[in-house]
> 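Supplied in structure tokens, the structure appears directly below.
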Protein chains: 2
Amino acid sequence: MGKPSDLLQGTLDLLILKTIGLEPMHGWAIAKRIQQISNEVLQVQQGSLYPALHRLEQQGWIKAKWAESDTGRQAKFYSLTAAGRAQLTKEQESWSRLSAAVNLVVEGA
Amino acid sequence: MGKPSDLLQGTLDLLILKTIGLEPMHGWAIAKRIQQISNEVLQVQQGSLYPALHRLEQQGWIKAKWAESDTGRQAKFYSLTAAGRAQLTKEQESWSRLSAAVNLVVEGA
DNA sequence: TTCCCATACCTTGATTATCTACACAACCAT
DNA sequence: ATGGTTGTGTAGATAATCAAGGTATGGGAA
């Protein structure tokens, strides 16, 4: 029924890749950052976030390294690989194409 | 993996509601119309289309009536109900909100 | 008449993303 | 000690979409 829908399905990978493309970041911070930049519109649940990170890492698009967060704790910092940068470009293009197409229909050009 | 992705997940209901909001149409024509208006970018598979139509009908947003298509055959023409018009507005707003939010992140405003 | 293609409806099964709801742990402030 | 924040993770359910099939009618070509 109503899923209030915290995200647009299929865009999470793009959001993550874009976010850590700007600067390496740990999972918790990625979620916060996406939420903040989107003016609290996009809410990334942990049950979506961590599986997505593992998925992306397994596909070789991001890699993790343990380091100290700015609160002084250990956290897993993710950064883009070369393949990840390529994938980001692909996903950006795909998003542009598809969202523009939806807008064509919605706006009844 | 690569899903070439014919649709943005979660937008199909919106696309259908918008399409038959302009004029009542049968399923086959709805798919063709969406495809055409989107410049062939959005491809609505029948395995997505018909379940979606039944879902929307069951929720009272659209209603069906058998009539003759412009090729002279019997076809199920769908039109919006009052609730469907309200739902269309809701989904349009939701799409605007969410797609704008994604763009904020992607464009790194 | 036979055969193929377009139209038009549908279903079944699998895949996959996401969400809800947990559990664990360290740290900090009260 | 208690609770809130940070930070990681998993398990189970839900739901949308896709791939691949099936049925039927009608038209045109061979």
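Values below: all heavy atoms of this structure, side chains included; hydrogens, waters and symmetry mates excluded. Letters A, B, ... mirror the listed sequences (proteins, then strands); counts begin at 1.
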> If the condition is salt bridge (charged side-chain N to carboxylate O under 4.0 Å, His left out), which residues does B:R55 pass it with, not counting sequence neighbours?
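For B:R55, the residues satisfying salt bridge (charged side-chain N to carboxylate O under 4.0 Å, His left out) (neighbours in sequence not counted) are B:D13.
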> When rounded to the nearest 0.5 angstrom, what distance separates CG in A:L53 from CD1 in A:I62?
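Between A:L53 CG and A:I62 CD1, I get 5.0 Å after rounding to 0.5 Å.
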> At under 4.0 Å, does any side-chain N or O of B:Y50 touch on OP1 or OP2 of C:dC10?
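So the side-chain polar atoms of B:Y50 never come under 4.0 Å of the phosphate oxygens OP1 or OP2 of C:dC10.
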> Choosing from D:dT17, C:dT20, D:dG7, which nucleotide comes nearest the side chain of A:Q45?
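Out of D:dT17, C:dT20, D:dG7, the nucleotide with an atom closest to A:Q45's side chain is C:dT20.
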> If a stem is a run of at least 3 consecutive Watson-Crick or G-U pairs, both distances under 3.5 Å, which stems include DNA chain D?
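Stems found: C:1-30 with D:1-30.
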> Using residues 26-36 of chain A as the side-chain source, report each donor-acceptor pair under 3.5 Å to any protein atom, sequence neighbours left out, with the distance given to one decimal.
from: A:R33; atom 1: NH2; to: A:E23; atom 2: OE2; distance (Å): 3.4
from: A:Q35; atom 1: NE2; to: A:E40; atom 2: OE1; distance (Å): 3.0
from: A:Q35; atom 1: NE2; to: A:Q43; atom 2: OE1; distance (Å): 3.4

> May I have the distance from B:W66 (atom CH2) to C:dA8 (atom C1'), rounded to whole angstrom?
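Roughly 8 Å, once rounded to whole Å.
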> Report the distance from atom CD of A:Q74 to atom C1' of D:dG9, rounded to the nearest whole Å.
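Result: 16 Å.
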> Looking at every non-hydrogen atom in both residues, tell me the closest pair between A:G108 and B:K18 and how far apart they are.
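Smallest heavy-atom distance, with atoms named: N-CE, 4.4 Å.
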> Looking at D:dG7, I'd like to know if its phosphate oxygens (OP1 or OP2) sit under 4.0 Å from a side-chain N or O belonging to A:S69.
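Checking D:dG7 against A:S69, a side-chain N or O does come within under 4.0 Å of OP1 or OP2.
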> Quick one: which residue pairs count as a ring pair (Phe, Tyr, Trp, His ring centres under 6.0 Å) with a foot in residues 81-102 of chain A, not counting sequence neighbours?
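Output for this query is empty, none listed.
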> To the nearest Å, how far apart are A:L7 CG and D:dA16 C1'?
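Taking atom C1' of D:dA16 as the reference, CG of A:L7 is at 15 Å.
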> What string of B, S and - do you get for nucleotides 25-30 of chain C, 5' to 3', if B is base contact, S is sugar-phosphate-only contact and - is no contact with any protein heavy atom under 4.0 Å?
-B----
> Measure the CG-CG distance between A:L104 and B:N39 for me, rounded to the nearest 0.5 Å.
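Between atom CG of A:L104 and atom CG of B:N39 there are 6.0 Å.
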> What side-chain donor-acceptor pairs closer than 3.5 Å can you find for residues 77-89 of chain A, not counting sequence neighbours?
from: A:S79; atom 1: OG; to: A:K63; atom 2: NZ; distance (Å): 3.4
from: A:T81; atom 1: OG1; to: A:G60; atom 2: O; distance (Å): 2.6
from: A:T81; atom 1: OG1; to: A:W61; atom 2: O; distance (Å): 3.2
from: A:T81; atom 1: OG1; to: A:A83; atom 2: N; distance (Å): 3.4
from: A:T81; atom 1: OG1; to: A:G84; atom 2: N; distance (Å): 3.0
from: A:Q87; atom 1: NE2; to: A:E91; atom 2: OE2; distance (Å): 2.8
from: A:T89; atom 1: OG1; to: A:R85; atom 2: O; distance (Å): 3.3

> It should be established whether B:H54 places a side-chain nitrogen or oxygen under 4.0 Å from OP1 or OP2 of nucleotide C:dC9.
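False: B:H54 side-chain N/O out of range (4.0 Å or more) of C:dC9 OP1/OP2.
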> Looking at every heavy atom in both A:Q9 and B:L8, which two are closest together, and how far apart are they?
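Smallest heavy-atom distance, with atoms named: O-CD2, 4.4 Å.
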> Starting at atom CG of B:D6, determine the distance to atom C1' of C:dT15, rounded to an integer number of angstrom.
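Atom-to-atom, B:D6 to C:dT15, this comes out as 15 Å.
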> So which one's nearest nucleotide on DNA chain D is more toward 5', B:A52 or B:Q46?
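Result of the comparison: B:A52.
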> Closest heavy-atom contact between B:L98 and A:L42?
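Nearest pair, atom of B:L98 first, then A:L42: CD2-CD2, 3.8 Å.
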> What nucleotide, of D:dA19, C:dA8, D:dG9, holds the atom closest to the side chain of B:A75?
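The answer is C:dA8.
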> Can you tell me if B:S48 touches the phosphate of D:dC18, counting only side-chain N or O atoms and a distance under 4.0 Å to OP1 or OP2?
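Answer is yes, contact under 4.0 Å.
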> Could you give the CD-to-P distance, from A:Q9 to D:dT14, as a whole number of Å?
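Roughly 16 Å, once rounded to whole Å.
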> Which residues satisfy the side chain to side chain contact (heavy atoms under 4.5 Å, CB included) test with B:S96, sequence neighbours excluded?
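Result, side chain to side chain contact (heavy atoms under 4.5 Å, CB included) vs B:S96: none returned.
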> From CZ of A:R33 over to P of D:dG7, roughly how many Å is that when rounded to an integer?
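From A:R33 CZ to D:dG7 P: 13 Å.
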> With sequence neighbours left out, write down each residue that passes side chain to side chain contact (heavy atoms under 4.5 Å, CB included) with A:S48, or none if nothing qualifies.
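Applying side chain to side chain contact (heavy atoms under 4.5 Å, CB included) to A:S48 gives A:L12, A:Q45.
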> Would you please confirm or rule out a distance under 4.0 Å between OP1 or OP2 of D:dT17 and any side-chain N or O of B:R55?
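B:R55 to D:dT17 OP1/OP2: side-chain N or O found under 4.0 Å.
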> Using a 4.0 Å cut-off on heavy atoms, which residues in residues 25-32 of chain A reach DNA chain D? List them by number, or say none.
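Correct list: A:H26, A:G27, A:W28.
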> Strictly by salt bridge (charged side-chain N to carboxylate O under 4.0 Å, His left out), give each pair with a member in residues 66-84 of chain B just once, sequence neighbours left out.
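Every pair satisfying salt bridge (charged side-chain N to carboxylate O under 4.0 Å, His left out) with a residue in residues 66-84 of chain B: there are none.
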> Return the residues of residues 11-19 of chain B meeting this criterion: a heavy atom under 4.0 Å from some atom of DNA chain D. Order them by number, or give none.
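Heavy-atom cutoff 4.0 Å gives B:T11, B:L12.
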> Rounding to an integer number of Å, can you tell me how far A:Y78 OH sits from D:dG7 P?
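My rounded result for the distance is 14 Å.
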> Sort out for me which residue in B:L14, B:T19, B:V41, B:T11 forms a side-chain contact (heavy atoms from CB on, under 4.5 Å) with A:V105.
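Single pass found, and it is B:T19.
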